[in-house]
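The structure appears right after this line, and notes come after that.
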2 protein chains.
Amino acid sequence: MTQASIGAVQPVFLDFDEPLPLASGQTINHYTLAVETYGTLNADASNAVLICHALNASHHVAGIYDDTQEEGWWDNMVGPGKPLDTNKFFVIGINNLGSCFGSTGPASINPTTGKPWGASFPVVTVEDWVNAQARVADYYGIKRFAAVMGGSLGGMQALSWAIQWPERVAHCIVIASTPGLSAQNIAFNEVARRAIITDPDFFQGNYYEHNTVPQRGLSVARMIGHITYLSDDDMAEKFGRDRRNKAEDGRYQYGYDVEFEVESYLRYQGEKFSKYFDANTYLLITRALDYFDPARQYGAGDLSKALEKVKAKFLAVSFTTDWRFPPERSRELVEALLKNKHQVTYAEINAPHGHDAFLLDDPTYHRVVKAYFDRIAEQGGLV
Amino acid sequence: MTQASIGAVQPVFLDFDEPLPLASGQTINHYTLAVETYGTLNADASNAVLICHALNASHHVAGIYDDTQEEGWWDNMVGPGKPLDTNKFFVIGINNLGSCFGSTGPASINPTTGKPWGASFPVVTVEDWVNAQARVADYYGIKRFAAVMGGSLGGMQALSWAIQWPERVAHCIVIASTPGLSAQNIAFNEVARRAIITDPDFFQGNYYEHNTVPQRGLSVARMIGHITYLSDDDMAEKFGRDRRNKAEDGRYQYGYDVEFEVESYLRYQGEKFSKYFDANTYLLITRALDYFDPARQYGAGDLSKALEKVKAKFLAVSFTTDWRFPPERSRELVEALLKNKHQVTYAEINAPHGHDAFLLDDPTYHRVVKAYFDRIAEQGGLV
């Protein structure tokens, strides 16, 4: 079967009025989640797949928006005939609570005060997101997902689903992820946050009232992030020491303006990001990354204990050149699953593109995911 | 022979009035270099070793300052009975032009204007530093160094010495270095520079006149640097996910203050650095790192061509967990030397401490350097 695009899609905005208790002890009383769905939910709601997003992505997983022509961030993965085939599965994308693409977050108006939440928006965790997502499942009448799937931070949510709601996840697909950030991972997040928080335009998180955004800090934060998403080799291949503004005689400019292609690329990425992403959301999401540690929270430091009650079958995928969440970290998860005799398929993909590989359409990677979903469909009679 | 400390040392400040032409085409007419020496220069000036420093170090290589009790940055390497034995060798440390520890730099007063140089201080290169260092050699009557040695950016200077002044270097010791930054290396430098330059207190480099310093940006820059100096494993070993301000019940604080030890460490390092280091010097030195590329400048892209006229014998040392300048980069240098049939000794040290390993006293590493210097001493009759 040939692959096709889903075509034009639209989000829906679901309002929830039942208070959501958070890990921090705080509660959010009312919130909106932006949601997109693709494909058709079958009669017994057994063909639903939840896609969880990473730092800067959203509910817009696949298809295209008519007005902006913006394509979903995982459009190569989700669609008719694609690895996650929307002819068979009903796929849901949800913008996480605290994000800035239509779901309630720090930039939203707090109904109690009539002003943006800003710094008063509570810190939310991966576990909180999963609980909010479970209410979206309830809304659609989905008792149990055929699969919950995500890459990077999205993979943490998938894993946490399997731990928090063992009866509600048949398959858990964890890609380019980790059961907990390393010291180096936290360190990069912390530097990014310092860049934002120390920007004078941050105003302790209440920059909305000052009609400004901490664009400088957010731009630096994004530049740091970008370096960690690409492999050293990939950067060497893409940019090397290529020059951007090269004089005819090859001389350097001897200054601090853009001299090398890689500088130009990073500045562009930083500036673009700082114009559409909310700085408070950046803090919130990086903190959710830092805090995710099921071994601590569910197993007193032992990941295999945290996974004892899991019922889902697992697919874990890692990429050889991913130095942000390297294969070792996926193998830790696989080991802890095996220790519990859980069923797990593990693929380590030889790919040059670092952490970003999970978003690209490496043929081996896509074949692995496609084969996995095809088996789910066959076993579930979803044809 | 037992090792001993050099004891109390003092810098001297040498003034140079002969204009120094720079790679940029600009010229510095008058400049001061802060210099320290250890040991005694022999009658035919054949026992001199030049130590070149890296980003944040200085001429204060060894010994201790009486007033501040500050120990030299390579005191474990240089001293009586140490790998570089000051009983046999006369050792020189020079604070590079453009730095901020006594040599002329952006924070110095420009005699022409009576104001700090600031942004008008010229961009200098590794090659410019080497030419300035050559004048210090002239001052001491040293025609040819027994060795020029450095780690990291200091190793680049040692390499450049062998290329620029082939007759003046008997041995070249290049530690934890590279013949040119990778795209990823440049990327990290660029993010650090953006953090400084976009700090509103930077004032286009003329912050001295505004009685301020871009402390926020410089602190973020240093934090980024620090992550790249340590290995992932070393950070995991030192900090892991250890908590700093842990509640009795183990709960997180659910906020953006210091939560993990690694955050505390990085903030401390950033703040400390931003109080003593000059932001313009940080820009200048990172740019010198970016620009260093002898293959481009001397060999039209072929490193072995750039090394054709080199006469020095080489010792190259790399460290297995150094992901800033990994062993591959040292091997590139070794290959290019061998292609020219130059004599080179290469040691790849199995050490857990990442790039910073070159400053630590790993026994194997120090034995390699000691054996190398002992041979130089024997062959030169420096007993």
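All values derive from a computational prediction rather than experimental measurement. All chains are named by letter (A, B, ...) in the order of the sequence lines, taking the proteins before the strands, and each is independently numbered beginning at 1.
For the pair A/Gln184 and B/Met235, the tightest heavy-atom approach, listed with the atom from each and the gap, is CA-SD, 3.5 Å.
The residue among B/Ala23, B/Ser219, B/Gly25 with the most heavy atom pairs within less than 4.5 Å of chain A is B/Ala23. Contacts with chain A were tallied for B/Arg267, B/Arg193, B/Met223; B/Arg267 has the most, counting heavy-atom pairs under 4.5 Å. Highest contact tally toward chain B, considering only A/Gln26, A/Glu261, A/Glu190, is held by A/Glu190 [criterion: heavy-atom pairs under 4.5 Å]. When B/Thr198, B/Val258, B/Leu266 are compared by the number of non-hydrogen pairs under 4.5 Å with chain A, B/Thr198 comes out ahead. Among the candidates A/Thr125, A/Val124, A/Leu230, A/Val220, the residue making the largest number of heavy-atom pairs closer than 4.5 Å to chain B is A/Val220. Of the listed residues (A/Asp242, A/Asp199, A/Leu284), the greatest number of heavy-atom pairs within a distance under 4.5 Å of chain B belongs to A/Leu284. Ranking A/Gly180, A/Pro200, A/Ser231, A/Gly240 against chain B, the residue ahead of the rest is A/Pro200, based on heavy-atom pairs under 4.5 Å.
Proximity of a side-chain donor or acceptor of A/Arg287 to a complementary backbone N or O of B/Gly255 within less than 3.5 Å is detected. In this structure a side-chain-to-backbone donor-acceptor pair under 3.5 Å is present from A/Arg251 to B/Ser24. B/Arg241 contributes a side-chain N or O that, together with a main-chain N or O of A/Asp290, makes up a donor-acceptor pair within less than 3.5 Å.
Note that CD1 of B/Ile227 is 7.0 Å distant from CD1 of A/Ile224, once rounded to the nearest 0.5 Å. Here the CZ atom belonging to B/Arg216 is positioned 11.0 Å from the CZ atom belonging to A/Arg194, to the nearest 0.5 angstrom.
Here the side chains of B/Asp232 and A/Ser182 are in contact, with some heavy-atom distance below 4.5 Å.
Between A/Tyr291 and B/Tyr254, the ring-plane angle classifies as perpendicular under the 30° and 60° cut-offs.
When B/Ile197, B/Asn280, B/Thr286, B/Ile196 are each tested for a side-chain contact (heavy atoms from CB on, under 4.5 Å) with A/Tyr256, only one passes: B/Ile197.
Of the atoms belonging to A/Ala236, it is backbone heavy atoms, and not side-chain ones, that fall under 4.5 Å from chain B. Contact of B/Asp234 with chain A is not made at all, since no heavy-atom distance falls under 4.5 Å. Within the 4.5 angstrom heavy-atom criterion, no atom of B/Arg222 approaches chain A. Using a 4.5 Å cut-off between heavy atoms, B/Leu283 contacts chain A through both its backbone and its side chain. Proximity to chain B (any heavy atom under 4.5 Å) is shown, for A/Ala119, by neither the backbone nor the side chain. With a threshold of 4.5 angstrom between heavy atoms, B/Ala192 does not approach chain A through any atom at all. With a 4.5 Å cut-off on non-hydrogen atoms, B/Val262 touches chain A through its side chain but not through its backbone. Both the backbone and the side chain of B/Glu259 come within less than 4.5 Å of a heavy atom in chain A. Heavy-atom distances place both the backbone and the side chain of B/Ala195 under 4.5 Å from chain A. Both the backbone and the side chain of B/Phe188 come within contact range of chain A, each with at least one heavy atom under 4.5 Å from a heavy atom of that chain.
The environment of B/Glu328 atom CD is dense: over 12 non-hydrogen atoms of other residues, nucleotides or ligands sit within 6.0 angstrom. By the 6.0 Å contact criterion, NZ on A/Lys305 is open, its count of non-hydrogen atoms from other residues, nucleotides or ligands being 12 or less.
Within the cation-pi definition used here (under 6.0 Å to the ring centroid, within 45° of the axis), B/Arg296 qualifies as a partner of A/Tyr252.
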